[in-house]
Trainee: 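Quick one: this structure, given as structure tokens, is what I'll be asking you about.
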Number of protein chains: 2
Amino acid sequence: MLELAVLGLLKEKPMYGYEVKKRLDERLGHTWKFSYGSLYPTLKKLSKVEAVELEFPDGETLTRKKKIVYRITPKGEAIFEALLDESGASATEDREAFMLRLAFFRYTKPETRRRLLERRRGYLQDRLAKMKESLKTLRERVDAYSLELMQYGANETEHDIHWLEGMIEAERNGADGSQPGTDPSRFGVLRGETT
Amino acid sequence: MLELAVLGLLKEKPMYGYEVKKRLDERLGHTWKFSYGSLYPTLKKLSKVEAVELEFPDGETLTRKKKIVYRITPKGEAIFEALLDESGASATEDREAFMLRLAFFRYTKPETRRRLLERRRGYLQDRLAKMKESLKTLRERVDAYSLELMQYGANETEHDIHWLEGMIEAERNGADGSQPGTDPSRFGVLRGETT
DNA sequence: GTTAGCATGTAAGGAGTTACATGATTTT
DNA sequence: AAAATCATGTAACTCCTTACATGCTAAC
């Protein structure tokens, strides 16, 4: 996960490790968090397989400590694509994995996007049906707190299905040749202007 | 997490490991999942510290394989309470940890419940403010997919704050002596009857 | 001049997963 | 009699966290 996220972000521009974390927190912090204790080892690992290269902004040699800019290499781009493709069950069943893929949708083919969105929708529809079943049979047998939690889950799932539906629709209306991810009007299904 | 969940569920009645997983999936599967590969080692660990005791339903000795009922012991109840109490930052900042606590609210004092709910609300309010800030500054700099993701996050957070507000209110109206978790009318903030 | 935030890293360990392996029981 | 589901378990491994450690730089 972290490798995919880091490479995906470095595609935008070279960055410090610190900045990588800050930006990923901004965009994905809602769904997925990680610590510096996993970030730096990951960057190290990526540089060991030559997916990223290091740069020292002061012009000093590598003896100088602190402040390292990481830049993605062509090999890194290839690894990124491989990781993005390798989206088996995890990318549809795991919320975090799915959201991470969504964050990098602009690097995927329209067809890949549609497939992922529809699989996720299908999975959630399935789960929603099961949740409603459980709610029916358990309504009298569990306490109010557990029930509230289950109801919350069902509501959220329903909401998510709606959201996905809107995005699938938007993909359909924009997938005929327009550049991916440049037209904001295709989205905003749930926008509701919170300001 | 798993230890807390398993002990909490076993407080209801003795069960097979298999049943433990099924029931936890029903109630918490929306937020939190686990595999049998972690369940059985956990049960083993719990029995090693005498938090649970084993029972063989066929009346056979332990030579007989398969089908083991686990029953929580007084020591297990103590461990459960300790784990439930030890809710530092994780229980308010980590969605899964918070939801797990919520599932066992009926075993906590009204005061503990109020504290947890309010801390979680405070945390989400904080994050929402930061998310809105990010949205403002990033609106022109990131692609539509990332933006949609961030907007989704903000919407969901707002929704969650509302939900918590309803529960805090419900706690206030029901915390004056009524048995915890027995009056379903205190809830249903988001119910909306999905059937 | 001290607090807050920027910036990087490591060692030990926790909490799970995946894949495998086995066999009983129920349903079709 | 085959397939699904019930039921239990282990070994190797992955991914990440926590706690620690260091030092720079900007703001107040």
Side-chain angles (χ1 to χ4, degrees), chain A residues 1-7 14-26 28-29 31-49 52 54-58 60 62-70 83 86 88-91 93-97 100 130, chain B residues 1-7 14-26 28-29 31-49 52 54-58 60 62-70 83 86 88-91 93-97 100 130:
Chain A
M1 288 231 99
L2 234 188
E3 279 179 50
L4 176 59
V6 168
L7 291 174
M15 271 176 233
Y16 303 142
Y18 191 85
E19 199 183 349
V20 166
K21 173 153 163 63
K22 269 196 8 194
R23 305 223 178 222
L24 286 176
D25 281 350
E26 254 173 9
L28 290 151
T31 310
W32 179 59
K33 287 168 178 173
F34 61 95
S35 69
Y36 288 109
S38 56
L39 173 66
Y40 289 109
T42 296
L43 283 168
K44 205 174 191 179
K45 194 189 162 194
L46 286 175
S47 81
K48 201 165 282 173
V49 298
V52 298
L54 284 62
E55 194 180 301
F56 302 87
D58 328 273
E60 314 261 341
L62 49 92
T63 322
R64 188 91 161 94
K65 288 163 197 169
K66 308 301 127 93
K67 284 245 183 192
I68 300 161
V69 175
Y70 293 91
L83 288 170
E86 176 210 273
S90 74
E93 291 176 25
D94 179 9
R95 195 180 138 94
E96 294 175 4
L100 183 53
K130 278 173 195 159
Chain B
M1 289 231 96
L2 234 187
E3 278 178 51
L4 176 60
V6 167
L7 290 173
M15 271 177 233
Y16 302 143
Y18 191 84
E19 199 182 351
V20 167
K21 173 152 164 61
K22 267 194 9 190
R23 304 222 177 224
L24 286 177
D25 282 350
E26 253 172 10
L28 290 152
T31 310
W32 177 58
K33 287 170 177 174
F34 61 95
S35 69
Y36 288 110
S38 56
L39 173 66
Y40 289 110
T42 296
L43 283 168
K44 206 173 190 181
K45 192 188 163 194
L46 286 175
S47 83
K48 201 165 283 176
V49 297
V52 297
L54 284 62
E55 197 180 301
F56 302 87
D58 328 275
E60 313 263 339
L62 49 93
T63 323
R64 187 87 161 99
K65 290 163 196 168
K66 309 300 129 98
K67 286 243 183 191
I68 299 159
V69 175
Y70 293 90
L83 289 171
E86 175 211 274
S90 74
E93 291 175 27
D94 179 9
R95 196 181 137 96
E96 296 176 2
L100 182 54
K130 279 172 196 160

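These numbers were taken from a predicted model, which means no experiment stands behind them.
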Trainee: List for me each residue that meets side chain to side chain contact (heavy atoms under 4.5 Å, CB included) alongside Glu19(A), sequence neighbours excluded, and say none if there are none.
Mentor: Lys13(A), Met15(A), Tyr16(A), Arg23(A)
Trainee: Grab the NZ-P distance between Lys45(A) and dT10(C) for me, whole Å please.
Mentor: 15 Å
Trainee: Going by the rule side chain to side chain donor-acceptor pair (under 3.5 Å), which residues pair with Lys33(B) if we only count those two or more places apart in sequence or in a different chain?
Mentor: Tyr123(A)
Trainee: Can you name the side chain to side chain contact (heavy atoms under 4.5 Å, CB included) partners of Lys44(B), sequence neighbours left out?
Mentor: none
Trainee: Taking CD from Glu55(B) and P from dT8(D), how many angstroms apart are they, rounded to a whole number?
Mentor: 13 Å
Trainee: With a 4.0 Å cut-off on heavy atoms, is Leu39(B) in touch with a base, just the backbone sugar-phosphate, or nothing at all?
Mentor: nothing
Trainee: Between dG16(C) atom P and Asp25(B) atom CG, what is the distance in whole Å?
Mentor: 13 Å
Trainee: What do the steps show when you test Leu7(A) against Val52(A) for side-chain contact (heavy atoms from CB on, under 4.5 Å), and what is the final call?
Mentor: CA-CA 8 Å; Leu7(A) 291 174; Val52(A) 298; 4.1 Å; yes
Trainee: Measure from CD on Glu93(B) to P on dC16(D) and round the result to the nearest Å.
Mentor: 19 Å
Trainee: Apply side chain to side chain contact (heavy atoms under 4.5 Å, CB included) to Phe34(A) and list each qualifying residue two or more places apart in sequence or on a separate chain.
Mentor: Leu2(A), Lys21(A), Leu24(A), Asp25(A), Trp32(A), Ser38(A), Leu39(A)
Trainee: For Lys33(B), which contact category applies under a 4.0 Å heavy-atom criterion: base, sugar-phosphate, or nothing?
Mentor: sugar-phosphate
Trainee: Could you state the NZ-C1' distance from Lys21(B) to dT17(C), rounded to the nearest angstrom?
Mentor: 11 Å
Trainee: Could I get the full list of side chain to side chain donor-acceptor pair (under 3.5 Å) partners for Lys130(A), not counting sequence neighbours?
Mentor: none
Trainee: Nearest whole Å is fine: how far is dT8(D) C1' from Met15(B) CE?
Mentor: 17 Å
Trainee: Check step by step if side-chain contact (heavy atoms from CB on, under 4.5 Å) holds for Ile68(B) and Tyr70(B).
Mentor: CA-CA 6 Å; Ile68(B) 299 159; Tyr70(B) 293 90; 3.9 Å; yes
Trainee: Could I get a table of every N or O pair under 3.5 Å where one atom is in the protein and the other is in nucleotides 4-8 of chain C?
Mentor:
from, atom 1, to, atom 2, distance (Å)
dC6(C), OP2, Tyr18(A), OH, 2.7
dC6(C), O5', Tyr18(A), OH, 3.4
dA7(C), OP1, Lys67(A), NZ, 2.7
dT8(C), OP1, Ile68(A), N, 3.1
dT8(C), OP1, Ile68(A), O, 3.2
dT8(C), OP2, Gly17(A), N, 3.3
dT8(C), OP2, Tyr18(A), N, 2.7
dT8(C), OP2, Tyr40(A), OH, 2.8
dT8(C), O5', Tyr40(A), OH, 3.4

Trainee: Let me test you: for the helix from dG1(C)-dC28(D) to dT28(C)-dA1(D), what is the angle between the axes at its two ends (five pairs each), rounded to 10 degrees?
Mentor: 50°
Trainee: Going by side chain to side chain contact (heavy atoms under 4.5 Å, CB included), name the residues that satisfy it together with Glu3(A), two or more places apart in sequence or in a different chain.
Mentor: Thr42(A), Lys45(A), Leu46(A), Leu83(A)
Trainee: Measure from CD on Glu96(A) to P on dC15(D) and round the result to the nearest Å.
Mentor: 14 Å
Trainee: Taking atom CG of Leu100(A) and atom CG of Leu4(A), what is their separation to the nearest 0.5 Å?
Mentor: 4.5 Å
Trainee: Taking OP1 and OP2 of dG16(C), is either one under 4.0 Å from a side-chain nitrogen or oxygen of Ser38(B)?
Mentor: no
Trainee: To the nearest angstrom, how far is Met1(B) atom CE from dC15(D) atom C1'?
Mentor: 17 Å
